[in-house]
Every structure is written in C-alpha cells, then in structure tokens.
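Before any comments, here is the structure.
Start at 1 and go down the list; that is how both ligands and their atoms are numbered.
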Amino acid sequence: MRASEWLVALGLSPLSSASILPAEQQSLGDVEVAGRKLSLTDDLVALHKNLTQIESISGNEKEVGDWLAASLESQGYTVEKQLVEKDPERFNVFAWPGKVRDAPVVLSSHIDTVPPFLPYHYNKTDKTIFGRGSVDDKGSVAAQIVAVNELLSKGKISPDDVSLLFVVGEEVGGAGMRKANDLGIKPKTVIFGEPTEGKLVSGHKGTMQMVVTAKGKSGHSGYPWLGRSANEVLVRALEAVITLGDKLPKSDKYGASTFNLGRIEGGVAANVIAETATAKIAVRIAEGTPKMVKKHATKAIHRAVRDFLEGELEAKDIVELDFGGKGYGPIDIDADVPGFDVITVNYGTDIPWFNLTKDQKRYLYGPGTIFVAHSADEKLKVDDLYDAVEGYQKIVLHALGKGEGHEEAKVDL
Ligand SMILES: *[C@@H]1O[C@H](CO)[C@@H](O)[C@H](O)[C@H]1NC(C)=O
Ligand SMILES: *[C@@H]1O[C@H](CO)[C@@H](O)[C@H](O)[C@H]1NC(C)=O
Ligand SMILES: *[C@@H]1O[C@H](CO)[C@@H](O)[C@H](O)[C@H]1NC(C)=O
Ligand SMILES: [Zn+2]
C-alpha cells in the first residue's frame, strides 16, 4: 500500500502539496507502516536550525548524534546507532522508515564540522542562515530528511525504498563512513550530500598527504660549512614540489594535480644552523594514483637536494618523506539524472571510503557552495535549502525508476 492509501485508510486525506503547510506545522500527518506510526516533519528550517545549533566539531559528534537519533525515532524511523569510537563516544546514525533495513536507496551526509564553532544566526533581510555546519554539511542532512519525508507522505515512494545514513568524522579521514561498511548493507544507489550548489557532481579529485622532513647538522651561523641547514634543504625540496603539479600527468576532466604547502616549520633561531625543518602538504590528485604521485615526488625531491650530499650520505638521509596511508586517486561519480547541471569539484568526500558494490550508483549533490564551507563566513541561503529538497527527491525517484521519463514510458505501454 502506498502512503497516500494508508492515509485514506486512516481516515486522513493525503496532502497534495507539503509546501503549502505553514512553517510552524511540525508534522506532515501520520502514516501507518506495518503497525508503526510515522509522524514526519517537513519543517526544514527548524530541523536545520536544531542541527546547526549543536556544536559537532569532528570528535565531538555525540550530542548532535543523540539529538538526530531521537528526532528520527520520534518521527517513526527505526534508528540504529553504530559505534565508531568508544572514548570519546561517537556514532553513525542509520535509520529507515519501513520494514526493510537494507533499502535500495541510501541518502547519506556527515554530522561533524570543522572548528571553530560559529553560532547559528538568521538574517531575515537576505534570507541567509549563518553558522558552522550550516552549509557543510547540515544543509544536506536536513534537506535529505525532509525530501524523504515528503516523498513518503505523498505516497511517491514506499517506506521500504529508502534509508538514511548520517556519519561522523568526514572532515578528518572518514572514520564514520569507513565503519559504515560494517553495517552489512548493499544499496543499489547511494546519494551523498555535500555542498554542490545544487548541481550534480560527476567526479572529484583524489587526495593524499605528504610530510617532508629535512635533516640538518646544527652549528654556529658564522661557520655554515661546518653544518648543514635543514631549512636550506627544505627550501630546495619544496622548490621541486611547487613545480611538480604541472609536470605530473593531467586529466581532461580534473585538470592538473596541485600541491598546497600548508605548513612550514624549521630551525630555532636566526644565528643557529637549522637542524630540522618540516613541511606539511596536501596533494589534490587529478590523474593517477597516490602510488604514482609518491614515486614522482620522491624522485623530484631527491634530485633537488643532491647538492647537499657529501661522503656516504644519500638523499633519503637528509630528507624524509611520509605520505601517510589514506590517499586515493580521482573518484568518478554518476551524474545521469536528467535536469541537473553537472560539475566536477576539487574537494574530498566520504565517497571513496564506502565500498562500492557491483553496479552500484553513486550521486553527489547538496545545497550551498563549498567556497564558504570551512570559512568564518559559512552560510546558506534558505531558498537553496528548499531547492535541495526538490533535488534530492528527483534523484531518489530516478534511482527507483520512478523519475521523469519513467512515468511517460508507462503511459505509452
Ligand atoms: C526543533 O527544536 C525545538 C526545540 O527543542 C522543537 O520544539 C522543534 O520541534 C524542533 N523541530 C524540528 C523540526 O526538529
Ligand atoms: C542582514 O543582511 C543585510 C543585507 O545583506 C545587511 O545589510 C544587514 O546588516 C544584515 N543584518 C545583520 C543583523 O547581520
Ligand atoms: C571495504 O574495503 C576495504 C578496503 O578495500 C576492506 O579492507 C574492507 O574489508 C571492506 N569492507 C567490507 C565490509 O567489505
Ligand atoms: Zn562536507
């Protein structure tokens, strides 16, 4: 039975359009599913406000997770808290409205944010919401929930069609999404929410970390030939890194790989030859794999520092390279839903951490722009939030074979 039919069975009239409800209306009406009553909210702005007001900097997601789980439970969803870390306690929130836990479509976004916390603030004049997480990523969280709620209440999807997965730790290595692989679900489609300006993203660059540590020999600055300046070694190494992006293979889709020299530290005082110096670098990979980048970067850096070698020394003795373990190459994403602009982006997401199963479709879509995410001016236009509800609905319907075009095909038969 469709949700609209349940409503009729319950003596309630199905809602023709949820958007005509006044903003204070908390519930879309009750829907009975297998003996369970759903009491779905469509109060998008209030839901988004409630989420954004709770500080949830990566590592501190417990409070927002508890709130979200309670909210979904009170709406009638079955909710599972998946522990990701014991101390401090952090968990993913996995929820489904019907009888089917492993539903064909999963909508997913992250509930952690970057620091520092910025309080929620609404500017009526330009209908803009400010605050940490307003765009990255609580706009997606709220829009995904309301999109599903409206589809359910209008009977456009069955409760067994969808589930919701809200994860911790996206901003710092994807611990939540990597843990989500243990949920044992195999959705046919996963819709990931991140700020994409309401466009569908057909792929994003890969990423990896790189730490360069130069090792010197300290001494008096008046006798530099007795020592070896780690700062000088590092500067030479970094000169090679700066030009490396343009020398690596390029991609038609993503352009060139880039190296951001995010943090440099070295030496102790002006009159002391520096003994150590380090640089932390974020690489955005346009083509190839982390392994390939590692090979080229190592070769270029070792060549760049060879003037400093003497005696038995080898390049690896004066410059250490650490590439960490969590890199990945560029990620291609599906973008075949009609009616959307399609773009590529340069930021990383949780997508590579959720194991792809055979024939699985993945979409990336959400309200607001990445250009204000992580900034002191993080904000989201209310209109964009509402548009995203429609956008998610289009993608869900398409994924279920109920989207535009499918309808007509049925009529033709
Ligand atoms: C938001 O929080 C307020 C205060 O707890 C509550 O009354 C309201 O129902 C919540 N609304 C939504 C949509 O979460
Ligand atoms: C709200 O936005 C308007 C238009 O951008 C601006 O002039 C005003 O100062 C803002 N108000 C507050 C309280 O920030
Ligand atoms: C997911 O993929 C990772 C990396 O390939 C692998 O180690 C892990 O076992 C996979 N998990 C599941 C549940 O398939
Ligand atoms: Zn994000």
Side-chain angles (χ1 to χ4, degrees), residues 18-19 21-29 38-56 63-77 79 82 84 92-95 101-102 106 111 118-131 133-134 138-139 141-150 152-153 164-167 173-187 190 206 289-291 325-329 331 350-358 360 362 372 376-386 389:
S19 55
L21 288 171
E24 20 344 314
Q25 180 86 42
Q26 289 298 303
S27 173
L28 278 164
L38 297 182
S39 179
L40 307 168
T41 184
D42 80 330
D43 197 342
L44 180 62
V45 172
L47 178 63
H48 178 256
K49 179 179 180 179
N50 287 347
L51 288 164
T52 308
Q53 276 177 336
I54 303 173
E55 184 258 287
S56 61
E63 191 185 344
V64 80
D66 280 332
W67 187 89
L68 181 56
S71 168
L72 290 168
E73 233 157 45
S74 76
Q75 294 182 53
Y77 284 82
V79 179
Q82 185 192 29
V84 174
N92 296 332
V93 176
F94 180 50
R101 180 177 178 274
D102 189 2
V106 175
I111 53 175
L118 303 169
Y120 182 95
H121 160 72
Y122 178 57
N123 186 323
K124 257 191 222 155
T125 319
D126 52 11
K127 287 194 184 165
T128 299
I129 299 162
F130 294 82
S134 57
K138 290 166 180 175
V141 176
Q144 289 182 338
I145 294 170
V146 171
V148 167
N149 286 355
E150 287 187 1
L152 287 169
S153 73
L164 300 167
L165 171 62
F166 301 115
V167 301
M177 190 57 86
R178 278 183 284 131
K179 185 74 188 176
N181 289 307
D182 296 342
L183 286 171
I185 53 171
K186 292 212 163 20
V190 188
T289 60
K291 198 172 157 196
K326 289 184 194 144
Y328 54 85
I331 303 289
D350 263 343
I351 296 176
W353 307 132
F354 192 67
N355 295 1
L356 189 63
T357 54
K358 194 173 174 298
Q360 190 175 65
R362 305 181 293 189
V372 294
D377 190 36
E378 181 162 352
K379 62 187 171 191
L380 178 62
K381 285 200 160 64
V382 171
D383 286 347
D384 291 347
L385 194 53
Y386 278 102
V389 169

Checking Asn149 against Tyr77: is there a side-chain donor and acceptor pair closer than 3.5 Å? yes
Could an N or O of ligand 3 be found under 3.5 Å from any N or O of Asn355, whether backbone or side chain? yes
Just do the side chain to side chain contact (heavy atoms under 4.5 Å, CB included) check on Phe94 and Leu72 with the steps written out, would you? CA-CA 10 Å; Phe94 180 50; Leu72 290 168; over 6 Å; no
Subset of ligand 1 atoms that lie under 4.0 Å from at least one heavy atom of Trp67: 14 (O)
For the backbone of Thr128 and the side chain of Asn123, can you confirm whether one donor and one acceptor N or O come within less than 3.5 Å of each other? no
Is a donor on one side and an acceptor on the other found under 3.5 Å between the side chain of Arg178 and the backbone of Gly173? yes
Hey, does the side chain of Glu378 reach the backbone of Gly133 with a donor-acceptor pair shorter than 3.5 angstrom? yes
Please walk me through it: do Lys138 and Tyr120 pass side chain to side chain contact (heavy atoms under 4.5 Å, CB included)? CA-CA 12 Å; Lys138 290 166 180 175; Tyr120 182 95; over 6 Å; no
Do any N or O atoms from the side chain of Ser134 and from the backbone of Phe130 form a donor-acceptor pair under 3.5 angstrom? no
Asp43 N/O under 3.5 Å from ligand 1 N/O: no
Set out, in order, the CA-CA distance, both residues' side-chain angles and the distance that settles side chain to side chain contact (heavy atoms under 4.5 Å, CB included) for Phe166 and Ile145, then state yes or no. CA-CA 10 Å; Phe166 301 115; Ile145 294 170; 3.7 Å; yes
Every pair of nitrogen or oxygen atoms between ligand 2 and the protein that is under 3.5 angstrom apart - can you list them with their distances to 0.1 Å?
unit_1   : atom_1 : unit_2 : atom_2 : d
ligand 2 : 2 (O)  : Asn123 : OD1    : 3.3
ligand 2 : 2 (O)  : Asn123 : ND2    : 2.3
ligand 2 : 2 (O)  : Asp126 : OD2    : 3.3
ligand 2 : 5 (O)  : Asp126 : OD2    : 3.1
ligand 2 : 11 (N) : Asn123 : ND2    : 2.8
ligand 2 : 14 (O) : Asn123 : ND2    : 3.4

Using a strict cut-off of 4.0 Å, indicate which atoms of ligand 1 neighbour a heavy atom of Thr41. 13 (C)
